[in-house]
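What follows is a single structure, written as structure tokens, with notes after it.
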Amino acid sequence: MRYISTRGKAPSLSFEEAMLTGLARDGGLYVPETIPQVSTDDIAAMSGQSYEDIAFTVMRPFIGETFTDDEFRNLISKAYADFSHDARAPLVQLDQGHFLLELFHGPTLAFKDFAMQLIGQMFQLALGRKRERVTIVGATSGDTGSAAIEAFRGLDNVDVFILYPHGRVSEVQRRQMTTPAESNVHALAVDGDFDACQARLKDMFNDFEFRDGVRLAGVNSINWGRVLAQIVYFFSAAVSLGAPGRAVSFTVPTGNFGDIFAGYIAKRMGLPIADLVVATNQNDILHRCLSGQGYRKGTVHATISPSMDIQVSSNFERALFDAYDRDGAAVSQLMDELSKGGFDVSQGAMQALQDHYRSGRASEAETSATIADMLTRTGELLCPHSAVGVNVANEMRDPAVPMITLATAHPAKFPDAVEAATGIRPPLPPRMADLYERDERLTRVPNDLEALKTHIKGLIRA
Ligand SMILES: *Cc1c(COP(=O)(O)O)cnc(C)c1O
């Protein structure tokens with residue numbers, strides 16, 4: 001299995017190379033050259049299997065020669081051993097035909113743990129046997145950073161730097177990034193919003209001298225390994241509700257388009273998915289685009305679902321690549337136009353996008369009302385991101401097809417918004433109950449490439 005860039009100019013790579021690199025050298029994102037197919041019989045056989053067994057079947061064709069079967073099974077088993085729910089990704093019923101996929105039972109209480117825990121294991125094995133080291137720099141709107149720090153803390157061959165927008169993450173998110181004491185992890189509070197963090201990260205990757213000098217690696221959702229790990233729970237959830245005999249739909253609270261894109265890959269692999277619904281908060285560039293209004297940057301508004309406060313969705317480039325029949329030159333041109341403000345999607349590509357994705361948006365008031373309403377009607381306490389999903393799913397769903405909405409974070413990660421909506425302050429799970437007492441360690445940094453490079457070079461271990 002080879003990986004090719006969405007901009008058509010970088011060399012193709014193996015899974016191991018694509019995973020350890022992150023962003024392609026032509027500025028593009030790596031995607032698999034072909035999509036492996038899972039047969040109806042293979043899907044049927046997943047019924048009743050453990051999450052780990054399903055994960056092996058779904059991901060194995062993508063990793064090529066990078067790991068042996070035994071190694072890969074072992075990595076998967078270690079990645080999910082620390083989850084606090086035996087099912088890893090349990091389904092809960094909300095209503096007739098509407099289900100919630102709880103993806104928040106990992107160590108940092110958000111779905112990012114599914115990919116990051118596995119990536120941590122894969123990096124450790126791949127780097128250890130090559131006796132190489134890397135510097136991981138990541139940008140986060142809150143959850144990626146804590147998941148990455150949790151996955152890489154204390155590892156010998158990685159230094160980790162996480163850029164997060166100062167003052168724009170929740171206290172729990174911040175503390176999860178600033179309280180680990182290991183000297184190889186660093187939380188950097190950037191004076192800017194998430195798009196600024198993401199832009200500086202891209203600048204570092206495009207500065208080849210710096211990139212090669214520190215052996216830069218990326219674990220943002222642009223890393224194919226992240227998308228890969230997220231394909232699994234679309235299969236496990238669909239199979240629980242009767243796939244392959246019955247099609248299901250998914251609604252995905254969306255920011256950087258990584259999670260929903262994993263659902264699209266599951267569909268392309270052969271999983272019977274009826275609708276894939278993109279749910280956005282008031283930062284709704286994706287909803288506007290999928291409604292035919294072009295892809296145009298607006299200003300980012302801070303919302304109660306901060307992990308979705310994004311205007312430029314990195315992984316949308318992967319969707320565009322397929323919508324433009326994998327024409328790297330066309331994608332390059334769109335990205336050039338985007339850097340000047342935005343672009344229109346061609347009619348053919350728009351049709352292709354709308355064949356695969358539907359979309360909806362939830363306002364702040366609707367999100368809060370959904371948290372309150374779900375508590376009353378089901379006893380389920382939703383985080384604001386999951387509530388955006390449930391709100392949009394309720395608007396869009398076809399009663400004849402089971403709808404699965406992804407619950408992307410635990411409500412205790414966003415206690416202020418949940419308390420404001422319901423009067424109930426969700427407690428942290430016991431294993432992190434002392435989070436508010438732990439010492440914090442962070443550095444304020446300007447939104448400036450040179451300053452960031454200097455800071456990072458000064459802290460990496462030889
Ligand atoms: C990251 C995140 C999202 C958005 O996921 P994408 O893959 O970036 O679209 C939604 N909700 C929560 C809680 C998140 O942490």
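Note that ligands are numbered from 1 as they come in the structure, with each ligand's atoms numbered from 1 the same way.
The distance from the CD atom of Gln230 to the OG atom of Ser221 is 7.5 Å, given to the nearest 0.5 Å.
For Glu182, the CD atom counts as densely surrounded, since its 6.0 Å shell holds more than 12 non-hydrogen atoms of other residues, nucleotides or ligands.
Contacts of ligand 1 (protein heavy-atom distance under 4.0 Å) are Phe111, Lys112, Asp143, Pro253, Thr254, Gly255, Asn256, Phe257, Gly258, Asp259, Ser307, Met308, His385, Thr408, Ala409.
Residue pairs meeting the side-chain hydrogen bond (donor to acceptor under 3.5 Å, both in side chains) criterion with at least one member in residues 77-89, sequence neighbours excluded: Glu52-Arg88.
Note on Arg7 versus Asp26: no salt bridge recorded, every NZ/NE/NH1/NH2 to OD/OE distance being 4.0 Å or above.
Just one residue in the list Phe257, Phe250, Phe261 forms a ring-ring contact (aromatic ring centres under 6.0 Å, His included) with Tyr357, and that residue is Phe257.
There is a side-chain donor-acceptor pair under 3.5 Å between Asp113 and Thr108.
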